[in-house]
Amino acid sequence: MRYLVTGGAGFIGSHYVRGLLAGHYADDVDAVHVLDKLTYAGNLANLSSVSDDRRFSFAVGDICDGDLLEEVIPGHDVVVNFAAETHVDRSISGPQDFVVTNVVGTQSLLDACRRHEIARIVHIGTDEVYGSIDVGSWTEDSPLLPNSPYAASKAAGELLVRAYHRTYGLPVSSTRCSNNYGPYQYPEKVIPLFVTNLIDGLQVPLYGDGLNVRDWLHVDDHCRGIQIVVERGEAGAAYNIGGGEELTNRELTARILARMGREWNDWVRPVDDRLGHDRRYSVDDSRIRALGYHPRNGFAEGLDETIRWYQDNESWWRPLKES
Ligand code: NAD
């Protein structure tokens, strides 16, 4: 199988590419081509371990560029779209880039896949499209009620996915996963931000009362879930992917501090809450579990390994943090 992975130089996309080429997710990987715009979040260092693999190739480019897609798309069996603007805080201060890539870019990619009759397409979405839920969990049939510009742009992209399936019969599915963690995550996101701050002797900024609840999913479990959707997902369907590990931000912070031997009162700096901050996310992922998915990584060990990775790989994150 020949894979095109858009946004494959980012956190999750690069994990998927490394795992594909290592044979972790599929046996029949003949080629993996990455198309990535290399925004601030894209990083060729994330792919350096596979750059010598003869099945791997890379091109810098934008999923909004229809002419480029005409050249890149033909010849692939599977397209997996990770390309997106992804940081909620950046979407609050500057929403337009989010609409361009997450909506227009998604449409332009779907259109190119339609023209070239790509056999299988998976679009990576997020649980943030559902909004916020106080109790219980969302199923894939729950309404999309996004609250941040990021979530709204991801919801719009997903509606285009649905429309391209309904209107043109495009064999596309989407995933809606919870918060990912693991190595190579850009140090603006909460776990790498907190860990690298503490390594540098800086306090960690905790939003509001810290009682917002997130479900944590190891990036490798997420990528296994994506592959299940690639191989066995139904065209036109969405799949929630959860980690089964709900924590308040206070609990998450306390675990990181304990692991790094720091005291709450000295190292946590409360800051004003994020605008429109969703209170709780929780997905019911029984649809993908029925296809054989289950998370393999426990959060305690996964967090330990992730902290150790940032401690051991300062040369990866320091240039990003300084820029
Ligand atoms: P990331 O920000 O680390 O990487 C995004 C990648 O997309 C970067 O390599 C960037 O250069 C590339 N990109 C951005 N705009 C592009 C464009 N116009 N054309 C081509 N490439 C472009 O993001 P991530 O955390 O790896 O997230 C990947 C996907 O997973 C996104 O769709 C995101 O919405 C979704 N997601 C992420 C999380 C999470 O916790 N990280 C949770 C739920 C869903």
Side-chain angles (χ1 to χ4, degrees), residues 4-18 33-47 58-66 68-69 72 79-91 96-109 112 122-130 146 148-158 161 174-193 214-223 225-226 229 238-243 245 252 278 281 283 285 306 317 320:
L4 171 65
V5 180
T6 50
F11 164 47
I12 306 171
S14 69
H15 192 95
Y16 182 68
V17 169
R18 294 191 304 272
H33 185 59
V34 170
L35 176 70
D36 194 295
K37 188 179 174 182
L38 294 181
T39 67
Y40 78 96
N43 188 346
L44 282 178
N46 299 358
L47 297 167
F58 178 87
V60 182
D62 190 331
I63 58 166
C64 299
D65 183 343
L68 174 67
L69 293 178
V72 170
V79 173
V80 184
N81 179 31
F82 294 88
E85 289 292 338
T86 63
H87 191 45
V88 175
D89 290 342
R90 288 180 190 255
S91 83
Q96 194 160 18
D97 286 349
F98 287 71
V99 175
V100 171
T101 287
N102 301 356
V103 186
V104 178
T106 299
Q107 183 271 331
S108 123
L109 186 64
V122 173
H123 173 78
I124 309 306
T126 168
D127 61 357
E128 299 193 31
V129 295
Y130 295 117
S148 70
Y150 163 67
S153 67
K154 292 293 291 183
E158 267 221 48
V161 165
S174 59
T175 60
R176 298 171 185 159
C177 67
S178 50
N179 277 35
N180 281 224
Y181 71 98
Y184 296 97
Q185 188 170 29
Y186 195 87
E188 64 187 352
K189 305 280 169 71
V190 62
I191 291 179
L193 175 70
R214 299 293 182 263
D215 170 38
W216 289 96
L217 168 66
H218 193 279
V219 63
D220 195 56
D221 286 322
H222 182 198
C223 290
I226 290 167
V229 176
Y239 291 86
N240 290 339
I241 307 179
E245 195 73 50
L252 173 69
D278 288 329
Y281 300 143
V283 289
D285 59 4
T306 302
W317 58 262
L320 306 178

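Computed from a prediction, not measured in an experiment: that's the story for all the values here. Counting convention: from 1, in listed order, for ligands and their atoms alike.
Here the straight-line distance linking atom CD1 of Ile191 with atom CG of Leu252 works out to 5.0 Å at 0.5 Å rounding.
Residues forming a side chain to side chain donor-acceptor pair (under 3.5 Å) with Glu245 (at least two apart in sequence, or on another chain): none.
Cation-pi check for Arg18 over Tyr184 is met; the charged atom lies under 6.0 angstrom from the ring centroid and within 45 degrees of its normal.
Thr6 and Asn81 share a donor-acceptor pair across their side chains, judged by distance under 3.5 Å alone.
For His33 and Phe58, the ring centers sit 6.0 Å or farther from each other.
The protein residues lying under 4.0 angstrom from ligand 1, judged by non-hydrogen atoms, are Gly7, Ala9, Gly10, Phe11, Ile12, Asp36, Lys37, Leu38, Thr39, Ala41, Gly42, Gly61, Asp62, Ile63, Phe82, Ala83, Ala84, Thr86, Thr101, Ile124, Gly125, Thr126, Tyr150, Lys154, Cys177, Ser178, Asn179, Asn180, Gln185.
Ring geometry for Tyr16 versus Phe82: interplanar angle of 30 to 60°, hence tilted.
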